[in-house]
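Side chains included, hydrogens not; waters and symmetry mates left out as well; all remaining heavy atoms used. Both ligands and their constituent atoms are indexed starting at 1 by order of listing.
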Amino acid sequence: MSEADHRYARQIRFAPLGEAGQRLLRQSRVLLCGCGALGTAIAERLARSGVGALRIVDRDWVEWSNLQRQCLFTERDAAESIPKAVAAAAALQAINSEVDVDPRVEDISYRNLPALAEGCDLILDGTDNFETRFLLNDYAVSQDIAWVHGGCLGAAGQVLGIIPGKTACFRCLIPDPPPAGSVETCDTAGVLAPAVGVVANWQAALALKILSGHGSELDSQLVIIDTWNVESRKLALPRNPNCPCCGQRRFPFLNGTLSSDTNVLCGKNAVQIHLATPVARSTTWSARLREAGEVVENRFFTRLKTPSHTLTIFPDGRVVVEGTTVPATARSVVAQVLGM
Ligand SMILES: [Zn+2]
């Protein structure tokens, strides 16, 4: 047995996976959308299991309030405001250098998702918002790619494995996004680390099953867990023949009809705005910003602190405005500071 075989010996011994399944895992390419609580736990499992390639997309940086549940990050990552995708990639490469880890510090939208998902065999949901999930569902169904939804709030969570054409899709479960502010978030309801771990592990288990060639065995069902009361249950979820996505094959989140460029960020007193143009950073631009407040710059972003708001400005045109949850206010602040 070679050294490489030995590394995965225990899971190869698990008969349904076996050597054939391990070879398929090795050849597989996974897109992980979001690298927070669920994403870090999923990524750790998949990297240890020996997937071939893992592309990790996340728009945020590590903060102190993340460390309670986001398993790949350290105090140093939070102290240095390292982008989550970058910090996760470093941790994953230390765990398994055989995996091709590709961190992308980007905000997933209908504009960049097709390029991000190019060549991927499976999409995993580590996001924290409905709009991105509807977008992932549109893309996965339209391209006939499997994806695994997971969500977590408080001590509870849910998991749904989606094989387009076979199982129900996300819009069979939830036909339309709920109105903004109508559902609880991790900010209002909190979230426990063990609940995240259970949901992420079930997502990772479904991922191993699908990637090792057993996707056809998935049933169309939603798994609901409650870690506080130590309960789980499975709900049969039949496909909806009138589902706008997998039934009628309409993809408004993917074609941009139902996409916004301004998002209120879950769990933060912040709004994100995606400008139509990238930001050209320069020393004169930085000097101008310093007239408005304190400026911190690194190779990932420029951050401006004014008395009322903090703006984190990414080169790709994305601006996170902290200190408000009102999109119009955020847009005004950006207009005042950036002139756009
Ligand atoms: Zn559907």
Side-chain angles (χ1 to χ4, degrees), residues 28-34 38-39 42 57 108-114 116-153 156-180 182-184 199-200 202-211 213-225 232-260 263 266:
S28 65
R29 307 183 69 81
V30 173
L31 175 67
L32 175 60
C33 296
L38 292 173
I42 295 167
V57 191
I108 295 168
S109 74
Y110 70 94
R111 292 190 183 89
N112 62 5
L113 180 60
L116 290 168
E118 174 102 53
C120 285
D121 306 300
L122 176 69
I123 298 171
L124 281 155
D125 174 12
T127 68
D128 61 0
N129 67 85
F130 277 100
E131 187 174 322
T132 307
R133 288 177 178 131
F134 280 88
L135 170 63
L136 297 183
N137 192 62
D138 268 11
Y139 182 81
V141 171
S142 72
Q143 300 298 309
D144 197 20
I145 296 173
W147 78 286
V148 182
H149 157 64
C152 211
L153 191 70
Q158 63 181 28
V159 178
L160 179 66
I162 296 161
I163 310 286
K166 178 176 191 298
T167 71
C169 81
F170 191 71
R171 288 194 83 179
C172 293
L173 174 67
I174 305 173
D176 293 295
S182 67
V183 291
E184 291 223 88
V199 170
W202 283 34
Q203 286 182 274
L206 285 179
L208 294 185
K209 190 165 183 172
I210 293 166
L211 294 172
H214 297 274
S216 63
E217 297 167 23
L218 254 67
D219 291 322
S220 194
Q221 60 189 13
L222 178 71
V223 179
I224 295 177
I225 60 114
S232 70
R233 59 201 161 103
K234 292 198 286 192
L235 302 178
L237 183 67
R239 281 186 71 186
N240 172 9
N242 297 317
C243 170
C245 186
C246 72
Q248 300 172 13
R249 299 194 67 78
R250 290 191 278 119
F251 308 113
F253 298 92
L254 184 60
N255 66 27
T257 312
L258 288 180
S259 300
S260 72
N263 315 90
C266 173

Tell me yes or no: between the side chains of [X] and [Y], is some donor less than 3.5 Å from an acceptor?
{"X": "His149", "Y": "Gln158", "result": "yes"}
{"X": "Trp147", "Y": "Asp125", "result": "no"}
{"X": "Thr127", "Y": "Asn129", "result": "no"}

Quiz item: So, the side chain of Arg29 versus the backbone of Ala117: is there a donor-acceptor pair under 3.5 Å, distance only?
Solution: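 No; zero donor-acceptor contacts below 3.5 Å.
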Exercise. Just the protein N/O/S atoms under 2.8 Å from the Zn ion (ligand 1), please, no waters.
Key: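 Under 2.8 Å from the Zn ion (ligand 1) - ignoring waters, which are not counted - the protein N, O or S atoms are Cys169 SG, Cys172 SG, Cys243 SG, Cys246 SG.
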Quiz item: Between Asp219 and Lys234, is there a salt bridge with N-O shorter than 4.0 Å?
Solution: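 Salt bridge: no.
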Quiz prompt | Distance flag, aromatic centroids of Tyr110 and Phe253, threshold under 6.0 Å | solution =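 No, too far apart.
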